[in-house]
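One-based numbering, in listed order, for ligands and for the atoms of each.
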Amino acid sequence: MNSAEADLKIERMIQTQMINRDIRDPRVIGVFRKVKRHLFVRPKDIDYAYEDTPLSIGFGQTISQPYMVAKITETAQIEDNDKVLEIGAGSGYQAAIAAQLCKKVYTVEVIKKLAEFAENNLNKSGINNVEVITKSGFHGYSEQSPYDRIILSAAAKQIPVKLFEQLKENGIMVAPVGTYPQTLFRFTKQNGEIIKEHFLNCVFVPLVR
Ligand code: SAH
């Protein structure tokens with residue numbers, strides 16, 4: 001796909017899948033123009049990269065639907081100086097989007113081949129403020145904690161407590177919680193307490209141990 005073709009498809013994606021729904025933050029919308037989703041899918045899916053759907057990336061995993069990435073990113077209220085942790089790098093697309101809005105993203109991926117896929121996609125995209133870590137993030141990634149934001153890109157029945165511990169005061173975690181379908185939650189840490197808000201239903205692959 002050439003860049004003019006990609007840009008055309010991106011504008012259509014932003015209009016129909018984001019603005020015509022409920023995505024409002026111009027900062028969030030803007031980054032979808034910068035990060036090319038066709039660099040994060042498998043070669044055979046390039047023509048479908050800007051469609052309103054998740055796509056398989058192998059190993060039983062998927063790159064999330066563009067709208068879901070936008071919704072999660074908007075809900076996370078990421079700020080310029082933030083240090084962000086993502087659990088579940090997959091293709092690296094969510095990490096790439098978040099990285100345009102903050103200082104640094106650490107993204108943890110349990111499947112080695114997918115961690116390599118993510119790393120490669122991020123390199124192709126010229127993104128250099130994302131670090132991909134190959135390991136299970138079930139208990140977070142304490143090495144760089146605490147974080148301003150945590151994005152869980154796989155679904156947990158319950159949020160592992162260690163993740164809350166790795167969140168800064170006034171930090172925000174966005175996560176799909178429950179069994180099929182899950183609910184997207186935002187957890188805000190205030191005075192050591194967790195404030196919980198829920199948003200839409202969603203479907204994510206399960207967070208493994
Ligand atoms: N954010 C991704 C979508 C990821 S799908 C994207 O934008 O493409 C969920 C990913 O979570 C899968 O790649 C899966 O392997 C990974 N995953 C599941 N449990 C995990 C765990 N405990 N630690 C790290 N990664 C995990």
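Tyr50 does not carry Arg12 over the face of its six-membered ring by the limits of under 6.0 Å from the centre and within 45° of the normal. Both tests pass for Lys104 against the ring of Tyr106: distance under 6.0 Å to the centre and angle within 45° of the axis.
Here salt bridge (charged side-chain N to carboxylate O under 4.0 Å, His left out) pairs that include residues 190-203, with residues two or more places apart or in two chains, are Arg186-Glu197.
Checked against the 6.0 Å centroid threshold, Phe199 and Phe185 do not count as a close aromatic pair.
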Could you give the N/O to N/O pairs under 3.5 Å linking ligand 1 and the protein, each with its distance?
residue	atom	partner	partner atom	Å
ligand 1	1 (N)	Glu86	OE2	2.9
ligand 1	1 (N)	Gly88	O	3.1
ligand 1	1 (N)	Ser153	OG	3.4
ligand 1	7 (O)	Gln94	N	3.1
ligand 1	8 (O)	Ser91	N	3.1
ligand 1	8 (O)	Ser91	OG	2.6
ligand 1	13 (O)	Glu109	OE1	2.7
ligand 1	13 (O)	Glu109	OE2	3.4
ligand 1	15 (O)	Glu109	OE2	2.7
ligand 1	19 (N)	Val208	N	3.0
ligand 1	22 (N)	Ser136	OG	3.2
ligand 1	22 (N)	Val208	O	2.6
ligand 1	23 (N)	Gly137	N	2.7
ligand 1	25 (N)	Val110	N	3.3

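Between the side chains of Asp52 and Gln65, a donor-acceptor pair is found at a separation under 3.5 Å.
A heavy-atom distance below 4.5 Å is not found between the side chains of Val105 and Leu85.
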